[in-house]
Amino acid sequence: MINKIEELKKEIESLKADSAEAAEQLRIKYLSKKGILSQLFDEFKTIPNEQKREVGQALNSLKTFVKEKINELKESFDNKGDEGPDMDLTLPGTSFELGGRHPLSIVRNEIIDIFARLGFTVSEGPEIEDDWHVFTALNFPEEHPARDMQDTFFIAQGPDVLLRTHTSSVQVREMEKTKPPIRAIFPGRVFRNEAISARAHCIFHQVEGLYIDENVSFADLKQTLLYFAKEMFGQDTKIRLRPSYFPFTEPSAEMDISCSLCGGKGCNVCKYTGWVEILGCGMVDPNVLENNNIDNKKYTGFAFGMGIERITMLRYQIKDIRLFFENDVRFLKQFKSVD
Ligand code: PHE
C-alpha cells in the first residue's frame, strides 16, 4: 500500500489542467466521495494493525498534498485577470495609412476660416425643406420657374416637402432663430434636378453668407467679398460685380474673379475673357426681412452664395465636377491635408 501511495504522489505531482473546468474534474477524480482517495481510505481499514500507523500518516499527507495541488491549479485560473495582459506591450504597433480630407472638405474649411476671421459664425439647416424656407419666405413670386418640377426634387406635394435647391433656406432659419445683428455663413449640400455633365451635377455644395445690422451697405458687401477672394485665390486677385437678379436680394449681382489660372490674360478655363464667375450676391430684399419679422426700416443686410465645387475646381484646376462624387482613391490621394 505504501508503494501505491508513493506512485500516486508522483502522478499527482505532474498533474496539469488547461482550464478551471479541467481542474474541477481532477478534484472529482481524486477528492470526491467516490474518488481515488476515498477508495484508499476504505482499503486502509483492511490492512493489518501493525502497519496502520505508517500507512495512516502517508495517506493523510497524500490527502493534504492532493488538496494543495488542486487548489494551486484552480487558483492559476482565478488569478488570470490580475496577471496583466498576456501580450507584449513593448512591440511596435501596426501602422495605418492616414487618409486625406476630401478636396471639397478642405476648401469648405478654408472658406469657413476666412469668414471666421471677419467674425462670421457657422450654422447649418436641413437638406429636406418646405416651400416656405426655400421659396416663399425668400420672396419668390408664385409662378417663379425655380419652383418648377424641372429644377426641384419634390418628396411630397401639398404641403410641399422638397430637397433644398440652395442654402438660402438657411438664411430664413437663421432669421427665425436669432435677432440682428446676424453675421453667419451656412455651408451645406443642395440638390437640383439637372442633367449630370462635366460642369453640372444634381448634388453639389454651397456656402451661404448673411450679414444683417444697422447701416450695412453695398460697400460692406463688396469689401467683404474682395477680402474673401484675395484670401482664397491670392492677393493679386481682382473682383468684378455684374448686375443680376435674385428674388431675395435687391440690388443683386454676380461676382467674377480675375482668372486664377492665367492671371487675366485669357485661357480655356476663363474662356479667354480673363474672368470667372464664382458667386451670386446682393442686398437682402426688404420683403425678405419683413417676411422674417425684422424691422426693414432699421436694418439692412447683404447675402451671398457660392458653389464649393466651382471654387475647388478653380483652386486645384479640376476639369470635371463628377470626379468629386466618384471617390476614386487615385483622385482623392492627391489632396493630403488631414487637419
Ligand atoms: N441662392 C443663390 C443661388 O443658389 C445664390 C445667392 C445667395 C444669391 C445669396 C444672392 C444671395 O444661385
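Sequence positions, counted from 1, serve as the residue numbers for this chain. Atoms within each ligand, like the ligands themselves, are counted from 1 in listed order.
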**Asked** With a 4.0 Å cut-off, would you call Asp213 and Arg183 a salt bridge?
**Response** no
**Request:** Using atom types as modelled and distance alone, determine if a side-chain donor or acceptor of Arg310 lies under 3.5 Å from a backbone N or O of Glu277.
**Result:** yes
**Fill in**
Atoms of ligand 1 under 4.0 Å from any heavy atom of Gly305, numbered from 1 in the order shown, are 6 (C), 7 (C), 9 (C)
**Near-ring test Phe248/His166, centroid separation under 6.0 angstrom** = yes
**Fill in**
Quick note on ligand 1: atoms under 4.0 Å from a heavy atom of Glu208 include exactly 7 (C), 9 (C)
**Prompt:** Would you say Arg192 contacts ligand 1, with heavy atoms under 4.0 Å as the rule?
**Reply:** yes
**Prompt:** Is the side chain of Asn60 donor-acceptor paired with the backbone N or O of Gln57 at a distance under 3.5 Å, no angle test?
**Reply:** no
**Test of ring centre spacing under 6.0 Å for His144 and Phe135** = no
**Request:** Give the numbers and elements of all ligand 1 atoms closer than 4.0 Å to a heavy atom of Cys281.
**Result:** 8 (C), 10 (C), 11 (C)
**Message:** Working to the nearest 0.5 angstrom, can you tell me the gap between Thr152 OG1 and Arg147 CZ?
**Reply:** 9.5 Å
**Message:** Tell me the nearest of Ser169, Ser244, Gly280 to atom 8 (C) of ligand 1, using heavy-atom distances.
**Reply:** Gly280
**Item:** ILVMFWY cluster, Val207 and Val122 together (side-chain gap under 4.5 Å)
**Value:** yes
**Request:** Compute the shortest N/O to N/O distance between Gln206 and ligand 1 and return yes if it is under 3.5 Å, no if not.
**Result:** yes
**Prompt:** Taking Phe120 as the fixed residue, which of Phe115, Tyr227, Phe228 is the one that meets the ring pair (Phe, Tyr, Trp, His ring centres under 6.0 Å) rule?
**Reply:** Phe115
**Request:** Might you point out which heavy atoms bring Met255 and Ala229 nearest each other, and give the distance in Å?
**Result:** CE-CB, 4.4 Å
**Request:** Heavy-atom distances under 4.0 Å are what count here, so tell me which part of Met306 touches ligand 1: side chain, backbone, both or neither.
**Result:** neither
**Asked** Backbone or side chain, does any N or O of Thr165 fall under 3.5 Å from an N or O of ligand 1?
**Response** no
**Message:** Out of all atoms in ligand 1, which are within 4.0 Å of some heavy atom of Phe304? Include the element for each.
**Reply:** 7 (C), 9 (C), 11 (C)
**Message:** So, regarding Gln171 and ligand 1 (criterion: nitrogen or oxygen to nitrogen or oxygen, under 3.5 Å), is there a contact or not?
**Reply:** no
**Message:** Are any of the N/O atoms on His166, whether in the backbone or the side chain, positioned under 3.5 angstrom from an N/O atom of ligand 1?
**Reply:** yes
**Shortest protein contact, atom 2 (C) of ligand 1 (heavy atom only)** = Phe248 CZ, 3.8 Å
**Request:** Find all atoms of ligand 1 within a distance of less than 4.0 Å from any non-hydrogen atom belonging to Thr249, and give their numbers and elements.
**Result:** 11 (C)
**Fill in**
For Ser168, the atoms of ligand 1 under 4.0 Å from one of its heavy atoms are 1 (N), 7 (C)
